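Notes to accompany the following structure.
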Number of protein chains: 2
Amino acid sequence: MIKTSDEKYLKAIYQISLAENSSKATISELAYYLDLKPPTVLERLKILQEEKLITYKKAKGIVLTKIGEKESLNVIRKHRIWETFLHKVCKFSWSEVHELAEQLQNANSEKLIDRIYALSGSPKFDPHGDPIPDKSGKLPTSERRPLLNSVEGCKCVVLGVNEDSHDFLNYLTELKIGLNDKLFVEKIFVFDGSIKVKYKNNENAVLSSRVAEKILVTCTKPNCTCKN
Amino acid sequence: MIKTSDEKYLKAIYQISLAENSSKATISELAYYLDLKPPTVLERLKILQEEKLITYKKAKGIVLTKIGEKESLNVIRKHRIWETFLHKVCKFSWSEVHELAEQLQNANSEKLIDRIYALSGSPKFDPHGDPIPDKSGKLPTSERRPLLNSVEGCKCVVLGVNEDSHDFLNYLTELKIGLNDKLFVEKIFVFDGSIKVKYKNNENAVLSSRVAEKILVTCTKPNCTCKN
DNA sequence: ACACAAAGTTAGGCTTACCTAATAATATTG
DNA sequence: CAATATTATTAGGTAAGCCTAACTTTGTGT
Ligand SMILES: [Mn+2]
Ligand SMILES: [Mn+2]
Ligand SMILES: [Mn+2]
Ligand SMILES: [Mn+2]
């Protein structure tokens with residue numbers, strides 16, 4: 001049986017490994033992500049290794065075993081289902097759900113997860129647009145790319161975000177940009193890559209490239225020339 | 001700020017103190033209730049005392065301070081609201097909700113409690129018939145007495161139970177006795193005080209006095225001669 | 001290739017929450 | 001009331017999960 005305290009490591013390792021850029025998870029990354037010091041993390045990694053949840057060699061970094069990956073996906077499933085439930089059923093904003101979900105997700109009842117998932121309407125994606133794994137660990141796919149890769153004139157729809165922080169999510173909320181909103185890319189400023197978008201009833205905003213790379217969209221016009 | 005680990009002590013002390021019979025909570029009772037050893041409990045009591053949540057003198061036993069009582073009632077509120085939510089909204093049986101609620105109740109969000117309470121229809125009593133304190137700590141009252149105190153011919157309704165154990169609750173469930181069910185006291189056997197009741201569509205059962213003292217009822221006929 | 005920076009590792013220490021065993025205080029009862 | 005049983009307390013110990021400081025290994029740039 002997997003301990004609650006293992007779960008946060010597994011989830012973190014999974015998330016770090018999956019981050020598009022990074023290939024292998026390292027101790028210092030994990031420590032940073034979990035807000036712990038490297039020796040603490042190292043100590044725990046040895047245990048996770050004994051439990052056959054990961055393999056770790058300084059050369060190859062931290063890699064989840066098959067079992068470890070399965071467990072990770074299960075934690076992620078629980079986390080995202082709680083976030084979904086808190087948002088859809090309990091009407092919390094998308095910036096509030098993460099912390100609360102972290103507290104609730106360690107309750108140990110598959111049945112409970114099933115029930116709150118059903119109460120939420122069993123969607124495929126959480127309030128941040130992240131895919132919810134099914135019980136076997138399969139993830140629904142969706143074509144998403146950073147808004148930053150857009151060309152002028154592109155029409156797209158927001159399918160997710162790359163960051164969960166309050167600051168970021170509240171910023172988007174203030175701009176009135178939310179999940180499933182349609183954006184029209186009016187202008188791209190070559191100088192710094194910032195993007196002017198129009199949306200809703202005449203709302204518009206100029207988004208810095210730092211923000212635009214964290215908003216995930218998909219084009220709504222066929223044959224759009226946006227990158228990737 | 002009250003720590004999660006304080007909460008279980010406060011809740012336990014409150015419950016023990018309130019148990020009709022016992023007046024003062026003692027270390028060994030607490031230890032038994034919490035499934036810990038006396039030295040562990042004593043150690044923690046000293047801390048709770050420093051935190052001004054209880055007073056403890058071997059003579060007077062363990063007594064909650066005003067603040068301690070307020071906090072206890074808040075934990076109990078959270079616990080009972082989670083139980084209610086799990087039962088009413090998530091459709092768990094009354095024997096399943098206690099353990100799950102214990103795991104969920106330490107999530108730290110007043111707002112969450114408010115929302116799930118509203119989703120449950122804001123009832124005054126939990127799935128075991130126990131009163132849910134309001135935010136100020138006030139408990140709704142209800143006239144309840146053990147079924148054991150009945151006289152023959154009494155008609156009464158089940159308003160609660162005195163014990164949360166799986167075994168007990170599942171036993172009642174097998175007998176098809178649940179909250180708000182009407183019971184007719186057909187016969188009382190003087191020999192051992194067991195009670196034959198009829199209910200629902202010709203269901204009937206002979207309840208041992210051990211069971212009958214744990215079922216809480218109120219008479220439905222005016223001027224019933226049942227005790228207390 | 002060598003010097004410096006970054007990352008990993010070891011050693012040792014702290015706190016919390018638990019425990020057992022032994023002792024002291026208090027109740028119960030013949 | 002003395003013997004005994006129960007309850008409370010003290011002393012000392014363990015394991016988990018964190019830490020800092022110091023050292024070692026690895027990677028990088030000139
Ligand atoms: Mn999250
Ligand atoms: Mn999410
Ligand atoms: Mn309960
Ligand atoms: Mn209850």
Side-chain angles (χ1 to χ4, degrees), chain A residues 1-13 15-17 19 21-64 68 71-72 75 102-103 105-106 108, chain B residues 1-13 15-17 19 21-64 68 71-72 75 102-103 105-106 108:
Chain A
M1 191 70 321
I2 271 64
K3 287 168 292 182
T4 293
S5 59
D6 284 350
E7 297 197 337
K8 73 177 182 186
Y9 279 84
L10 291 177
K11 173 155 165 278
I13 294 166
Q15 312 260 38
I16 291 172
S17 309
N21 38 8
S22 95
S23 45
K24 57 184 181 180
T26 65
I27 287 190
S28 29
E29 268 178 305
L30 239 193
Y32 178 77
Y33 189 99
L34 293 170
D35 198 17
L36 296 171
K37 303 297 169 182
T40 304
V41 170
L42 176 60
E43 189 174 53
R44 181 56 76 88
L45 288 185
K46 288 174 184 162
I47 296 165
L48 292 174
Q49 201 160 17
E50 273 164 24
E51 294 173 331
K52 309 255 186 258
L53 295 170
I54 63 161
T55 61
Y56 171 59
K57 288 274 143 53
K58 58 182 171 266
K60 317 214 70 176
I62 305 157
V63 180
L64 292 165
E71 289 300 335
S72 303
V75 186
E102 299 257 272
Q103 296 181 58
Q105 75 193 21
N106 56 325
N108 183 32
Chain B
M1 193 68 324
I2 272 65
K3 286 168 292 180
T4 293
S5 58
D6 284 351
E7 298 197 338
K8 72 177 182 187
Y9 280 84
L10 292 176
K11 173 156 165 278
I13 293 166
Q15 312 260 37
I16 292 172
S17 308
N21 37 9
S22 94
S23 45
K24 56 184 182 182
T26 66
I27 287 190
S28 28
E29 269 179 305
L30 240 192
Y32 177 77
Y33 188 99
L34 293 171
D35 197 18
L36 296 171
K37 303 296 168 183
T40 303
V41 170
L42 176 60
E43 187 174 56
R44 180 57 76 88
L45 288 185
K46 287 175 184 162
I47 295 165
L48 292 173
Q49 201 159 16
E50 274 165 24
E51 294 173 330
K52 310 253 186 259
L53 296 170
I54 63 161
T55 60
Y56 171 58
K57 286 274 141 50
K58 57 180 173 271
K60 317 215 69 176
I62 304 157
V63 179
L64 292 166
E71 289 299 334
S72 304
V75 187
E102 298 257 270
Q103 296 183 55
Q105 76 193 19
N106 57 328
N108 182 33

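All values reported here derive from a predicted model rather than from experimental measurement. Below, chains carry the letters A, B, ... as their sequence lines are ordered, and counting in each starts from 1.
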Exercise. Could you walk me through whether A:I2 and A:E7 pass side-chain contact (heavy atoms from CB on, under 4.5 Å), step by step?
Key: CA-CA 7 Å; A:I2 271 64; A:E7 297 197 337; 3.6 Å; yes
Practice problem: Just do the side-chain contact (heavy atoms from CB on, under 4.5 Å) check on B:Q105 and B:V75 with the steps written out, would you? | Solution: CA-CA 8 Å; B:Q105 76 193 19; B:V75 187; 4.0 Å; yes
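- When every heavy atom of B:Q103 is checked against every heavy atom of A:N108, the shortest pair comes out as OE1-N, 2.8 Å.
- Computed from coordinates, the A:L36 CG to D:dA16 C1' distance equals 13 Å when rounded to whole Å.
- Here D:dT7 presents its C1' atom at 12 Å from CD1 of B:I62, a figure rounded to the nearest Å.
- Looking at every heavy atom in both residues, A:A25 comes nearest to A:I16 through CB-CG2, 3.8 Å.
- Within a 6.0 Å sphere centred on OH of B:Y32, heavy atoms belonging to other residues, nucleotides or ligands number 12 at most.
- A sub-4.0 Å separation between OP1 or OP2 of C:dG8 and a side-chain N or O of A:S28 is present.
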Any N/O pairs under 3.5 Å between the protein and nucleotides 20-24 of chain C? List them or say none.
none

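- Scanning all heavy atoms of the two residues, the minimum distance from B:E29 to B:K24 falls at OE1-O, 3.4 Å.
- Contacts of B:K8 with the nucleic acid, taken as non-hydrogen atoms under 4.0 Å apart, involve only primed sugar atoms and P, OP1 or OP2.
- Checking each of B:V63, B:L53, B:I62 against B:I13 for a side-chain contact (heavy atoms from CB on, under 4.5 Å) leaves exactly one that passes, namely B:I62.
- Among D:dT10, D:dT25, C:dT26, the nucleotide with an atom closest to any side-chain atom of B:L42 is D:dT10.
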Which side-chain N or O atoms in residues 37-44 of chain A pair as donor and acceptor under 3.5 Å with protein atoms at least two apart or in another chain?
unit_1	atom_1	unit_2	atom_2	d
A:R44	NH1	A:S5	O	3.4
A:R44	NH1	A:S5	OG	3.3
A:R44	NH1	A:D6	OD1	3.4

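- Per the geometry, CG belonging to B:L34 stands 13 Å off P belonging to C:dA17, to the nearest Å.
- Regarding A:K57, its NZ atom lies at a distance of 18 Å from the C1' atom of C:dA7, rounded to whole Å.
- B:I27 comes within 4.0 angstrom of sugar-phosphate atoms only, judged by non-hydrogen atoms across all strands, and of no base.
- Heavy atoms of A:K3 sit nowhere under 4.0 angstrom from any nucleic acid atom.
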Quiz item: Does the side-chain contact (heavy atoms from CB on, under 4.5 Å) test come out yes or no for B:E102 and B:K11, once each step is laid out?
Solution: CA-CA 11 Å; B:E102 298 257 270; B:K11 173 156 165 278; 2.9 Å; yes
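- Note on A:S5: a side-chain N or O is less than 4.0 Å away from OP1 or OP2 of D:dG17.
- Taken residue by residue, residues 43-56 of chain A places heavy atoms nearer than 4.0 Å to DNA chain D at A:E43, A:R44.
- Rounded to an integer number of Å, the gap from B:K60 NZ to D:dA8 P is 16 Å.
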